[in-house]
Amino acid sequence: MYNKLTPKIVEELIGIVGSNNVIYDDPEALEAYSHDEVAEKHYAHMPEAVVKPSSAEEIAQIIKLANKYKIPITPRGAGSGLSGGAVPVYGGIVLSVERMNRILEIDKENLVVVVEPGVVTNEINNAVKEYGLFYAGYPMSVETCYIGGNVAENAGGGRAVKYGVTGRYVIGLEVVTPTGDIVHLGGKVMKDVTGYDLIHLMVGSEGTLGIFTKIYLKLIPLPQAKVDLLVLFEDMDTAIKTVPKIMTFGRIIPTSIEFMDDLSFKTACKYLNEKIPFEEAGAMLLIELDGNNKTELEEQYEIIGNLCMENGAIEVYVADNATTSERIWRIRRNIAEAWKQFSPHQSLEDVVVPISEIPTFLKKIREISNKYRVPIPCYGHAGDGNIHATPIKPPELSMEEWHEKLEKLLEEMYVVVKELGGVISGEHGIGHKRKKYLPLVLEPAHIEMMRAIKKALDPNLILNPGKII
Amino acid sequence: MGEVWTLAEFRHGKLNPVSFELLNRGKSLAQKLNTSIASVVIGYNIKKEDIDELIARGADKVYVVGDKRLENFIVETYARVILRLLDEYNPDIFIAAATTTGRTLMPYIAVKKQTGLTADCTVLDIEEETGNLLQTRPAIGGNILATIKTPNTRPQMATVRPHSTKPLPPDKTRKGEIIYKQFDEEVFTTTTKYVRFIKDKSQQINIQDAKIIVAGGRGLGKAENFKLIEELAELLSGAVGASRDVVDRGWKTYPHQIGLSGKTVSPTLYIAVGISGAIQHIAGMQTSENIIAINKDPDAQIFKIANLGIVGDLNEILPLLIERIKEYKKKEANLNV
Amino acid sequence: MRIIVPIKQVPETSNVKMDPVTGTMVREGVENVVNPLDLYAIETAIRLKEEYGGEIIVVSMGPEKAIDAIKEAIAMGCDDGILLSDKKFAGSDTFATSYVLAKAIKQIGDFDLVICGERATDGDTGQVGPGIASFLDLPLSTFTSQILSVENGKITVKRLVEEGYEEIEMMLPAVLTVVKEISDPRLPTLRGKLKAKRMEIPIWDAQKIGAEGQKIGLKGSPTRVVKIFTPKVTREGEKIIVKDEKTLYQAVDRIMDYLIKKELI
């Protein structure tokens, strides 16, 4: 159904972006573009060529070319994705936006920043900081990921409770369509119902509906102060039950409410040689608050801390400075690394359930874990029900046995998720890692709608084929 | 013009080699001031050859106080003895090594003499016009160097970072004056009791004296992997160092920690394995003469200060390196037969 | 048991950034914290109190914002705090600082132990602890790594020295400087934080502690900073990237050459 690249086509590509910006016939160099951060090798696939355009016009030409010759194109950001979204499963061309890495404009009057897709998300905040501004939609892998990838996956991350996810801040896009046209959606306007909300169709489309070449992001005032609470509970029920209370009785929306089950924090604490009395605890919440001054935050953490104690917390630790805050967050950040010491193969899942269902979900996960004899530490964002349940390969299993087991296990997990009214990905996306499970959780009609949209925009199905549907 | 004095550390019946480095420092200062350079050695069972060694290493004079009650370091008594000497001879400059002894004794004495003291200097010089001692030391984790002087009080005191200079080769022909001092009872009376010394077996070679240090960081992945570091260190007859991160994780004990909250070292060779090179750590080892860094992250800070950087997997590189060193040593051994 | 813990508020240096142009520390956005090495002193004091009962008083010399550091110590479990703050203290070197702290400690009076961190991570001198002991004419144990016993007016401790440990016994009152090995600092709890928050921290000035004018501040400091400059730390050494078997062997060969050429082996 797709054609292979020929030296002739490669010549045309070179004609568009220049020879320095085309990788072809160089396996070592191409390998780097064959995978994202999904560890399992079998999700990887070699591209036939990599092109690195520098403008919307070049991208448009490349896409027209691909349509002409029926060559699949897979857009790629930093390659830090966790669903295989940037993997060229049908080979063809990987279109890397790495050269389009300019911050085009910081508009202080309209509180908007305009960037190219290849800008490292972290750079945006470094750049707007000096104007006392803040881009709040960024996920956790701030050091590496590109804003283009964030928009394509509608990335979330730790701060979603208070600030929402990437899509909330995308108010305009310049997009190259799958047929090679350049369209401008939205702009510096805060409201826009002039026609369908195509911006948010594009946001989270995982590179299947268009390639973003300009992104307009809404900025907000930069919070001046920050406090973290580490709360120890006897069990997950008690822990999770306090989460809604914080927002209702406390009337406070924290920046983030992370939770860790005992498998997660006990392994991490042992790995870190952390001396807080974690053995007594069965669950932990990590609550982060930000605001404009210390006193405001002191009042807030007093309210929240007391709420936790009244609702059965064993202990509440308060970190309001770099030393203690780092010590608290290090536990959450080291869960994956700590488990790697036990076994390097993990499947980082990304399910979402209604907050109140988290304890039930975790109970079910325990059952599944026991049934398959696979440890499944669970941690994630209690504030929005996004759970990173992470099946770990038991060292004694062979890779084959593991993949077999994992497939069945995930299927059961996803069924549970559906029963609880949840979804199978909250911030990492479907890509092709979770594609086969989509029918498990979405109605046929729902999938059909997506197919119809895809066909309408991309008749030749050349843009990131093999993803989502 | 008063003399330049150095403290010769005498512990467990022998001179600490850093005493010779100090003499080299002191000598160049004494020459600039054209005054004489003297060592103060206090302790118990100080042998003539120890004193001669100090002279051979550059001392014009050696002040010796030998007494059973000075066998072990107790700051109050040591301080009193030295204060007596300072009061009697009024040296212009008095330097000691920045060892646990130096860093304890010198501030205690400086306060009693109501004079200035600069810690852990890496450069000492004389201000031409005034003859004042210019004392340069790293601060804010080695991010800046500060030059400090003590204009109005004497002696000018400083502790000097071990291995920040080389000792002079011994010259047995040098002649020097030896002054033996005795003091009355009250100098030695103290309520503090030295109970015992406990050797740390994990530190066969003390990090701060080691010519070669092989240090491991978080890149090692787990505590067990320190075996590789230890093996390499042993082959090079060096000491084992560790980053704060791995000491916090309990992979290695605190005496091995190098950096801002640990020890400061300047060996001839520092091999950093799996250490990213946080300012924290760099502060403690950047004055090393040669630095070799092995890290899988090409952007690791450590490479900025390394003479030789290897970007790669330590689990591949170390075993191979160890093997190669063994071969090399075997060859050498055979050649020497 | 009555314990006094002198602490210092320092810039958080673990990720300090230097201005490449001016070569000075970028203070912007650098927050102040309790000197990390003081946390071990605070923890040691709290554990002694838990075992023998008594009271812990934290003293800190610094500007008014250093009250945050004192309150953090109280949140961890110390009982009281005093801030030593006075324009006249400005520019004090380690001599003058030791003097001010010693005077304040005398003023507080009736104590069994003074426990200091081994040194501050900004000044990095480690001279204030011994300085205090000298001003107060008290027995001193530096680099203390363990407290073995406290009984009938005596304390026995282990000191971390070059080749191992020294065990010494001292009469109380005494001064200790402690190293990391001695304890694992606890995290401040909500209860602690709230207690500290509601607490009034008295501020003592030069007059209150009876400090002589010619011994404090810049005037009272025997040392003078002549100049401050940035060292060139970067060495721009060579870098070898291991991609495969071949480059792996090249890299190891290069290390061997280096060791041999420099006679390090």
Side-chain angles (χ1 to χ4, degrees), chain A residues 26-29 31-32 125-126 129-130 132 222-232 269 272-278 284-287 289 294-295 297-310 313-331, chain C residues 7 9-17 26 28-40 42-43 46-47 65-77 117 121 180-199 241-247:
Chain A
D26 177 353
E28 203 180 290
E31 195 280 334
N125 271 317
N126 293 340
K129 207 200 276 138
E130 63 182 287
L222 177 69
Q224 298 301 307
K226 178 174 156 304
V227 174
D228 297 295
L229 304 180
L230 182 67
V231 192
L232 279 57
C269 287
L272 293 168
N273 193 29
E274 175 54 67
K275 289 296 199 302
I276 57 167
F278 61 87
M284 280 189 190
L285 291 184
L286 203 173
I287 303 167
L289 304 165
K294 249 185 148 65
T295 24
L297 288 186
E298 279 174 355
E299 288 161 14
Q300 291 191 359
Y301 79 62
E302 178 166 2
I303 294 171
I304 293 177
N306 289 332
L307 260 168
C308 290
M309 291 311 272
E310 288 156 20
I314 304 172
E315 187 59 272
V316 178
Y317 295 107
V318 181
D320 61 1
N321 62 66
T323 312
T324 42
S325 153
E326 165 58 21
R327 183 167 159 193
I328 284 181
W329 272 101
R330 177 171 108 103
I331 300 173
Chain C
I7 66 170
Q9 189 181 48
V10 301
E12 206 272 321
T13 42
S14 63
N15 41 31
V16 72
K17 291 186 180 47
V26 181
E28 202 275 326
V30 178
E31 78 174 286
N32 294 307
V33 296
V34 178
N35 168 33
L37 299 177
D38 291 344
L39 295 175
Y40 304 105
I42 294 165
E43 179 66 28
I46 296 170
R47 291 193 187 179
K65 65 172 159 37
I67 282 183
D68 292 346
I70 294 173
K71 289 201 166 188
E72 179 79 352
I74 291 170
M76 286 172 75
T121 52
K180 173 179 185 163
E181 213 176 11
I182 200 168
S183 62
D184 300 287
R186 65 197 63 193
L187 280 167
T189 62
L190 179 68
R191 281 182 313 288
K193 273 289 186 187
L194 297 182
K195 177 184 155 216
K197 184 174 137 192
R198 288 164 180 56
M199 203 134 146
I241 296 163
V242 175
K243 291 195 230 66
D244 49 27
E245 193 86 353
K246 186 160 141 295
T247 43

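We name chains A, B, ... by the order of the sequence lines, and we start the count at 1 in each one.
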Output all residues satisfying side-chain hydrogen bond (donor to acceptor under 3.5 Å, both in side chains) with A:Asp320, sequence neighbours left out; order by chain, then residue number.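 Partners of A:Asp320 by the side-chain hydrogen bond (donor to acceptor under 3.5 Å, both in side chains) criterion, ordered by chain and then number, come out as C:Lys193.
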With sequence neighbours left out, what residues match A:Glu298 under side-chain hydrogen bond (donor to acceptor under 3.5 Å, both in side chains)?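 Partners of A:Glu298 under the side-chain hydrogen bond (donor to acceptor under 3.5 Å, both in side chains) test: none.
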Evaluate salt bridge (charged side-chain N to carboxylate O under 4.0 Å, His left out) for A:Glu315 paired with C:Arg191, printing each intermediate quantity in order. CA-CA 9 Å; A:Glu315 187 59 272; C:Arg191 281 182 313 288; 3.1 Å; yes
Looking at C:Asp244, C:Val34, C:Leu194, which one has more heavy-atom pairs under 4.5 Å with chain A than the rest?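 So the answer, after comparing C:Asp244, C:Val34, C:Leu194, is C:Leu194.
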When rounded to the nearest 0.5 angstrom, what distance separates [atom1] in [X] from [atom2] in [Y]?
| X | Y | atom1 | atom2 | value |
| --- | --- | --- | --- | --- |
| A:Lys275 | C:Glu43 | NZ | CD | 11.0 Å |
| C:Leu190 | A:Ile304 | CG | CD1 | 10.5 Å |
| C:Leu187 | A:Glu274 | CG | CD | 6.0 Å |
| C:Asn35 | A:Thr323 | CG | OG1 | 9.5 Å |

Find out whether C:Asp68 and A:Asn321 are in side-chain contact, i.e. whether some heavy atom of one side chain is under 4.5 Å from a heavy atom of the other.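 Not in contact.
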What heavy-atom pair brings C:Pro188 and A:Thr324 nearest, and what distance separates the two atoms?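 Closest approach of C:Pro188 to A:Thr324, heavy atoms only: CD-CG2, 3.9 Å.
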Contact class of [X] relative to chain C, heavy atoms under 4.5 angstrom:
| X | answer |
| --- | --- |
| A:Ile328 | side chain |
| A:Glu28 | side chain |
| A:Asn306 | both |

Mark yes or no for whether C:Glu31, through its side chain, and A:Ala322, through its backbone, hold a donor-acceptor pair below 3.5 Å.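 Flag set: sc C:Glu31 to bb A:Ala322 pair under 3.5 Å.
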